[in-house]
Amino acid sequence: MKGRPEGLPAEVEARPALLEIEGLTQFFDNLRAVHNFDLTLRQGELIGLIGPNGAGKTTVFNLITGVYQPSEGSIRFRGMELLGIPSHEIIQLGIARTFQNIRLFSKLTVLDNVRIAYHPHAGYTLFDGIVRNKAYREQEDYLTERAQEFLAIFGLEQRQNDIAGSLPYGLQRRLEIARALATDPELLILDEPAAGMNPQEIDALMELIRFIRQQFNLTILLVEHRMRLVMNICEWITVMDFGEVIARGVPAAVRDNPLVVEAYLGRQTAFLK
Amino acid sequence: MKNIKKSTLTFFGAMLAIYIIVQLLLSLGVLNNFWRGIIFWGAAISIVALGLNLIYGFNGQFSLGQYGFYALGAYAAADVTWRWLNEDPSGIVVGFLGSAVVLGLYALVAVFLRRFYNVRVTTRFLAYLLTTVLGYGIAVIGLRPLLEPLLLTVLNALPPAVTQQIVFFLALVSGAAIAGIASFLFGIPVLSLGSDYFGIATLGFTIIVKVLLDNTDTILPFPEMKGARGMVGIPQWTTWTWVFLCFLLVVVVMRNLLHSSTGRAILSVREDERAAELVGIDVTQAKLLPFVVGSVFAGLAGGIRAHDLAFLHPQSFNFIQSFNPLIIVVFGGLGSMTGTMITGFLWILLLEGALRLFLPQGFETWRFVVYPLVLLIMMLLRPEGLFGQYEFPYLKRPLAKLRTRSASPQPGEAAASEEVAP
Ligand SMILES: Nc1ncnc2c1ncn2[C@@H]1O[C@H](COP(=O)(O)OP(=O)(O)OP(=O)(O)O)[C@@H](O)[C@H]1O
Ligand SMILES: [Mg+2]
């Protein structure tokens with residue numbers, strides 16, 4: 001099977017594929033940021049994508065979510081080709097993401113950040129909103145309540161009326177995940193969710209990721225430099241360097257792979273800490 | 001509608017009080033024609049500026065096009081009433097009914113286009129452009145001979161005072177609708193270009209409108225508009241009641257729009273376009289909508305202004321004038337409705353009222369030196385506007401109450417509430 005390591009449990013391999021990336025290549029002018037990248041995710045998996053700085057991880061995420069159109073290759077989600085579909089429609093199909101550098105709507109409230117993600121399914125029309133009829137009031141109450149329940153899961157309930165940009169860093173990360181989940185995705189992709197966190201915060205984050213995965217039946221793909229997180233929660237890992245896949249496998253195997261060690265040590269990135 | 005909020009009552013109470021007081025002062029002659037003009041003009045400018053604030057302040061799209069749409073609305077509405085006074089109801093048929101046909105056809109096109117994903121911008125634009133031509137074409141060729149005699153009989157059968165109000169209403173709606181349709185057609189290609197080009201393109205639009213207005217009697221088939229000589233013979237039908245109702249309508253519509261889910265989408269685009277897109281917001285749509293609504297406001301204000309001045313001149317819509325609403329919005333505070341409302345009136349009051357009365361002749365020419373300077377100083381010293389974050393309670397974004405029902409503790413909650421610095 002393309003884009004997967006050998007020797008995964010047969011029970012996992014029996015599940016249907018959710019995301020199938022094949023031969024993905026992306027050029028930026030003359031720079032080949034991603035080259036011939038394959039990756040197949042099956043339903044319910046939690047996998048990691050790692051690699052040194054500039055390896056092309058974020059670019060892969062941007063290609064999946066339609067931010068760039070790839071130079072070559074194909075990306076299928078639930079069997080449907082995503083190429084050419086605008087970003088917001090890809091999100092509405094059931095893929096949600098967070099950003100390496102937090103991108104909240106920082107002057108809006110925490111609650112509004114989440115409610116914005118409900119907009120495509122707000123359940124009332126512009127006209128309802130302007131005349132403020134019953135549909136508007138009921139639906140708006142419902143959205144608010146749902147957003148509040150959501151925030152409670154992330155420990156942000158008390159902060160609902162705070163301006164998002166004023167939250168401490170760790171909570172902003174959480175809010176970004178909450179906002180992504182509010183789009184009701186099947187596949188969640190997280191770009192360095194643990195960046196800038198201390199070990200305790202990382203532990204809490206791991207717990208949170210496990211919890212939301214259960215709770216929302218998610219398939220998760222994450223990019224992360226913090227090996228504490230990757231090694232602990234990912235079922236298997238794909239390693240990239242210079243836009244190419246250099247290794248795949250379960251965490252223990254990847255950690256001991258000489259190619260991986262070299263890729264990281266060669267560029268003095270703190271890897272095995 | 002059992003429990004109306006206190007802020008709502010206060011707001012409408014205050015508005016009603018203002019309405020009554022001004023009406024009294026006007027009736028008693030305390031406010032003469034000069035001040036009447038200032039107040040009406042202030043309201044019109046405030047409406048234009050509110051529209052711009054929706055586009056620039058709330059949606060983040062820098063636009064200099066407001067005056068173009070203001071001009072379109074003014075001339076379109078004026079043409080409807082001018083023709084009516086000359087026993088010609090074609091303005092109503094084309095301006096009002098024609099626009100209605102166009103909007104109806106738009107709805108069909110929108111439904112049709114939704115069946116394809118990722119329609120190219122040019123295709124989309126051409127589809128709507130052809131629809132527009134078709135819609136107005138139907139009105140000119142099909143509806144005019146059919147409905148004009150009927151309209152004349154019906155409207156002339158009514159008491160003249162009533163007929164006047166109806167025609168004026170239809171004229172205002174026509175002006176607003178034509179401005180809205182023009183902004184929609186203009187917005188489809190231009191808003192997809194990205195913000196940098198948008199500002200320039202809208203400035204270009206205002207200039208083109210001005211040039212067309214200069215040539216209404218030569219290039220365009222509207223001899224009654226008299227090109228660069230200016231249009232005369234527009235009835236002075238704008239009353240304080242009309243001004244007040246339009247102003248109130250604009251404020252309420254804009255406020256309700258902003259407080260709805262669509263309003264949140266509009267704000268999210270200002271905050272971070274990419275992030276908005278990646279939580280599923282159709283960014284093009286979330287830019288087009290406020291642009292069209294803002295332009296409709298401008299068109300409506302144009303109709304009001306035209307029927308107060310009773311005279312229209314292309315020079316009053318040149319591109320330097322188009323900075324007026326921008327200055328008002330910046331002074332009042334980007335994203336502050338209250339600020340724009342008040343500053344709009346103050347602007348006209350000071351500039352056209354007080355200064356003209358008390359300063360020597362020829363001051364006006366200095367304006368174009370003073371404007372940019374003042375704008376610059378304002379942006380540097382008080383970027384949040386004169387009124388800062390203040391908003392009338394009715395216009396403030398409502399904050400949701402905390403849920404009383406306490407949810408069961410969730411994983412990671414304890415750790416999350418410790419605020420650890422990055
Ligand atoms: N929009 C762009 N235009 C030009 N070059 C780009 C663009 N985006 C990324 N690149 C380049 O592509 C390469 C891969 O970048 P990418 O952001 O995907 O790396 P990454 O693996 O996410 O790295 P990091 O761990 O630092 O986040 C880098 O050399 C980067 O400079
Ligand atoms: Mg990256």
Side-chain angles (χ1 to χ4, degrees), chain A residues 65 67 84-89 91-92 96-97 99 103-109 111-112 115-120 122 124 126 129-132 136 140 143-145 148-149 152-158 160-161 168-171 174 179-180 182-183 196 198 200-201 203-205 207-208 211, chain B residues 1 8 117-119 249 252-286 289 293 335 397-422:
Chain A
T65 49
V67 175
I85 300 186
S87 289
H88 68 271
E89 286 180 23
I91 303 302
Q92 290 175 18
R97 71 173 284 185
F99 299 87
R103 300 186 83 147
L104 289 171
F105 305 123
S106 49
K107 288 201 202 99
L108 307 182
T109 62
L111 189 69
D112 276 347
R115 286 192 294 185
I116 284 165
Y118 292 148
H119 177 61
Y124 64 88
L126 177 63
I130 286 176
V131 301
R132 301 234 155 180
Y136 162 81
E140 192 65 13
L143 292 181
T144 304
E145 187 132 325
Q148 287 170 328
E149 273 166 23
I153 296 177
F154 292 84
L156 286 164
E157 198 182 12
Q158 299 299 317
Q160 64 170 16
N161 289 333
Y169 184 81
L171 292 190
R174 274 174 178 264
R179 184 183 68 181
T183 64
N198 63 29
Q200 291 95 304
E201 286 176 303
D203 287 343
L205 178 68
E207 209 183 321
L208 180 73
F211 175 77
Chain B
M1 309 293 310
T8 312
Y117 71 84
N118 214 11
V119 181
L249 179 78
V252 172
V253 166
M254 179 160 161
R255 176 256 190 194
N256 286 356
L257 168 66
L258 284 170
H259 293 181
S260 73
S261 183
T262 312
R264 289 193 288 267
I266 289 171
L267 288 172
S268 76
V269 169
R270 174 193 73 189
E271 290 296 302
D272 187 332
E273 215 175 300
R274 176 59 56 74
E277 209 173 13
L278 292 174
V279 293
I281 305 287
D282 183 343
V283 169
T284 313
Q285 205 177 313
L289 180 86
V293 173
R397 293 191 76 69
L399 293 178
K401 283 199 209 68
L402 280 179
R403 273 200 319 170
T404 41
R405 193 155 43 86
S406 69
S408 53
Q410 302 289 351
E413 198 167 356
S417 53
E418 294 167 21
E419 292 166 23
V420 201

* Highest number of heavy-atom pairs under 4.5 Å with chain A: which of B:G280, B:G263, B:S260? -> B:G280
* To do: Specify which of B:D282, B:T262, B:V253 makes the most heavy-atom pairs with chain A at under 4.5 Å.
  => B:D282
Where on [X] is there a heavy atom nearer than 4.5 Å to chain B: the side chain, the backbone, both, or neither?
X	result
A:T65	both
A:A117	both
A:L143	side chain
A:S87	both
A:T144	side chain
A:L111	side chain

* Asked: Using non-hydrogen atoms only, which part of B:L258 is less than 4.5 Å away from chain A: side chain, backbone, both, or neither?
  -> neither
* Structure fact -> Whatever's closer than 4.5 Å to a heavy atom in chain A on B:A286 counts as neither
Can you name the nearest heavy-atom pair linking [X] to [Y], along with the distance?
X	Y	value
A:F99	B:A275	CZ-CA, 4.1 Å
B:L399	A:T109	CD2-CG2, 4.1 Å
B:A265	A:H119	CB-CD2, 3.7 Å
B:D272	A:F105	O-CE2, 3.7 Å
B:H259	A:Y136	O-OH, 3.5 Å

* Asked: Heavy atoms, side chains only, cut-off 4.5 Å: are B:L278 and A:V67 in contact?
  -> yes
* Do B:R397 and A:D112 come close enough that some side-chain heavy atom pair is under 4.5 Å? -> yes
* Are the side chain of A:Q148 and the backbone of B:K401 linked by a donor-acceptor contact shorter than 3.5 Å? -> yes
* Asked: Quick one: does A:Y124's side chain have a donor or acceptor within less than 3.5 Å of a partner on B:S261's backbone?
  -> yes
* To do: Using side chain to side chain contact (heavy atoms under 4.5 Å, CB included) as the criterion, list what pairs up with B:V119, not counting sequence neighbours.
  => B:L113, B:F116, B:T123, B:R124
* Structure fact -> Greatest number of non-hydrogen atom pairs under 4.5 angstrom with chain B, of A:I91, A:L126, A:L108, falls to A:I91
* Asked: Of the listed residues (A:Q160, A:Q92, A:R179), which shares the most heavy-atom pairs with chain B below a 4.5 Å separation?
  -> A:Q160
* **Those residues that, when tested against B:T284, pass side-chain hydrogen bond (donor to acceptor under 3.5 Å, both in side chains) (two or more places apart)** => none
